[in-house]
Amino acid sequence: MKFPAWYGILVGLLMIAQWTLLILAGGVPEIQTAAWEITFHLAAELSTAMVLIIGGVAMLRSIPWSRTVLVLGLGMVVYSEVVSPGYFAQRGQWAFVAMFAALLLGAVVGVIQLLTGKSH
């Protein structure tokens with residue numbers, strides 16, 4: 001099941017890169033205006049990224065518990081990909097909304113493959 005594994009690794013790495021670049025560029029005003037809220041949000045995002053990466057790498061190495069961890073990570077990212085577009089839709093940034101829709105589709109395909117054992 002290479003697609004779910006690589007999807008998890010790639011999305012996990014991109015999540016870490018995105019937040020790192022946004023913070024370094026000063027693009028997260030909530031650090032000043034809603035410090036607690038963004039701290040908890042960032043903790044959830046980092047946890048999601050780490051579970052995706054660990055699950056993906058473990059699956060590529062055929063570690064027995066990898067499927068369970070990767071399904072958990074994909075479930076976490078599905079939640080993120082459903083909630084996050086609202087922030088961008090509120091600002092009229094429709095390209096980001098479309099990006100999250102595409103990412104959601106990839107996560108759903110990955111979950112289906114993991115749960116059914118079918119890889120297409």
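None of these values were measured; they are calculated from a predicted model.
- Tyr7 places a side-chain N or O within donor-acceptor distance of the main-chain N or O of Leu103, the cut-off being under 3.5 Å.
- Taking every heavy atom of both residues into account, Pro85 and Val97 meet most closely at O-CG2, 3.7 Å.
- Both Met15 and Val111 sit in one connected hydrophobic cluster of ILVMFWY residues. Membership requires side-chain heavy atoms under 4.5 Å apart, directly or through other members.
- Side chains of Leu115 and Arg67 form no contact here, defined as non-hydrogen atoms less than 4.5 Å apart.
- The two residues Gly56 and Ile9 come nearest to each other via the heavy atoms C-CD1, 3.6 Å.
- The hydrophobic cluster containing Trp36, built from Ile/Leu/Val/Met/Phe/Trp/Tyr side-chain heavy atoms closer than 4.5 Å, also comprises Phe40.
- Leu74 pairs with exactly one of Val69, Thr48, Leu114, Val11 by the side-chain contact (heavy atoms from CB on, under 4.5 Å) rule, that one being Leu114.
- In the hydrophobic clustering of ILVMFWY residues, with side-chain heavy atoms under 4.5 Å counting as a link, Trp6 and Met59 come out apart.
- Linking Ile, Leu, Val, Met, Phe, Trp and Tyr whenever their side-chain heavy atoms come within less than 4.5 Å puts Trp94 and Leu105 in one cluster.
- In the hydrophobic cluster analysis, where Ile, Leu, Val, Met, Phe, Trp and Tyr join through side-chain heavy atoms closer than 4.5 angstrom, Leu104 is grouped apart from Leu14.
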Is there a side chain to side chain contact (heavy atoms under 4.5 Å, CB included) between Leu52 and Met76? Walk through the geometry before answering.
CA-CA 9 Å; Leu52 287 169; Met76 293 168 77; over 6 Å; no
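- Pairs engaging residues 8-26 under the side chain to side chain donor-acceptor pair (under 3.5 Å) rule: Trp19-Glu45 [sequence neighbours left out].
- In plain terms, the two heavy atoms of Ile16 and Ala49 that are nearest each other are CG1-CB, 3.7 Å.
- Sequence neighbours left out, the pairs with a member in residues 55-89 that pass ring-ring contact (aromatic ring centres under 6.0 Å, His included) are Phe88-Phe96, Phe88-Phe100.
- Both Val109 and Met99 are assigned to one and the same hydrophobic cluster, defined by single-linkage of ILVMFWY side chains at heavy-atom distances under 4.5 Å.
- Under the 3.5 Å distance criterion, the side-chain polar atoms of Ser66 are matched with a main-chain donor or acceptor of Ile63.
- Considering all non-hydrogen atoms of both residues, Val28 and Ile38 come closest at CG1-CG1, 3.7 Å.
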